[in-house]
Amino acid sequence: KLEEFLNLTQLKTSLKEAILLDYYTAGFWWAKEMNFSLSQLSGFMDLLNFTLENLSGKHMTLGDNLKELERAMTGIGQPESEEKSLFDLSSFSIEQARAIIDYLVTSLFKHYKAYEYLFHCRREEPVLCDE
């Protein structure tokens with residue numbers, strides 16, 4: 001379903017598409033294991049997309065992307081916070097927010113250079129078949 005939702009049409013021959021599918025699938029199953037509600041799952045997937053888009057589309061450095069994540073998560077665990085988050089993440093507890101940050105650190109930020117290479121370095125990908 002994620003392959004279809006993300007419109008990945010060359011999954012069998014594109015390393016980039018395969019990595020993207022793995023990134024989102026791993027995140028989705030992690031959130032399911034955390035027993036996130038449907039709205040929490042949606043917010044978490046938005047965060048996954050947000051941090052990856054900061055890297056791929058906006059060419060943000062690791063430090064800038066971490067600052068944007070901090071800004072996005074501002075106000076979690078605080079009812080009626082004066083600081084508005086970029087997303088509706090009000091349903092997350094402080095413990096869940098910490099778990100999300102830990103997940104993003106281990107899944108994306110520790111491998112930031114590899115993802116930068118994936119999105120920003122040109123390389124030849126001769127594909128002869130999909131086996």
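Along the sequence shown, the residues carry numbers beginning at 1.
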Study note, to complete from the structure: By side-chain contact (heavy atoms from CB on, under 4.5 Å), T106 pairs with (sequence neighbours left out) K110
**Study point:** Test log, rule salt bridge (charged side-chain N to carboxylate O under 4.0 Å, His left out), inputs E70 and K67
**Key:** CA-CA 5 Å; E70 178 185 15; K67 286 177 190 171; over 6 Å; no
Revision key, fill the gap. To the nearest 0.5 Å, atom CZ of F109 lies from atom CD1 of I101 at 9.5 Å
Revision key, fill the gap. For A72 and F50, the nearest pair of non-hydrogen atoms, with its separation, is CB-CE2, 4.0 Å
Practice item. For T61, enumerate each residue passing the side-chain contact (heavy atoms from CB on, under 4.5 Å) test, keeping only those at least two apart in sequence or located in another chain. Key: D64
Check your understanding: Looking at L41 and K32, what are the two nearest heavy atoms and their distance?
Key -> CD2-CD, 4.1 Å
**Study point:** Evaluation steps, side chain to side chain contact (heavy atoms under 4.5 Å, CB included), between K16 and F119
**Key:** CA-CA 8 Å; K16 183 177 177 179; F119 289 114; 3.5 Å; yes
Exercise for review: Supply the atom-to-atom distance M45 CE to L47 CG, rounded to the nearest 0.5 angstrom.
Suggested key: 10.5 Å
Revision key, fill the gap. Residues at least two apart in sequence or cross-chain that pass salt bridge (charged side-chain N to carboxylate O under 4.0 Å, His left out) with E53, listed by chain then number, are none
Check your understanding: Do L38 and F92 belong together in a cluster built from hydrophobic side chains that touch within less than 4.5 Å?
Key -> no
Review point. How far apart are the C-alpha atoms of L20 and L52, what are their side-chain angles, what is the distance that settles it, and do they pass the side chain to side chain contact (heavy atoms under 4.5 Å, CB included) test?
Key: CA-CA 9 Å; L20 288 174; L52 195 61; 3.4 Å; yes
Check your understanding: Taking all atoms of both residues into account, what is the closest heavy-atom pair of L55 and H120, and its distance?
Key -> O-NE2, 2.8 Å
Exercise for review: Rounded to the nearest 0.5 Å, what's the gap from CD1 on I100 to CD on Q40? Could you check?
Suggested key: 7.5 Å
Exercise for review: Verify side chain to side chain contact (heavy atoms under 4.5 Å, CB included) between F36 and Q96, making sure each step is shown before the conclusion.
Suggested key: CA-CA 9 Å; F36 286 173; Q96 289 171 322; 3.9 Å; yes
**Study point:** Heavy-atom closest contact (N65 atom, T51 atom, distance)
**Key:** ND2-O, 2.9 Å
Practice item. Please report the shortest heavy-atom distance between M60 and Y112, naming the atom on each side. Key: O-OH, 2.9 Å
Practice item. For the residue pair Y103 and W30, categorise the inter-ring angle as parallel (less than 30°), tilted (30 to 60°) or perpendicular (more than 60°). Key: parallel
Point to revise | Y23 side-chain N/O to L48 backbone N/O, donor-acceptor pair under 3.5 Å | key: yes
Exercise for review: Could you grab the distance from atom OG1 of T25 to atom CG of D22, nearest 0.5 Å is fine?
Suggested key: 6.5 Å
Review point. Taking all non-hydrogen atoms of both residues, which atom of M34 and which atom of A99 are closest, and how far apart?
Key: CE-CB, 3.7 Å
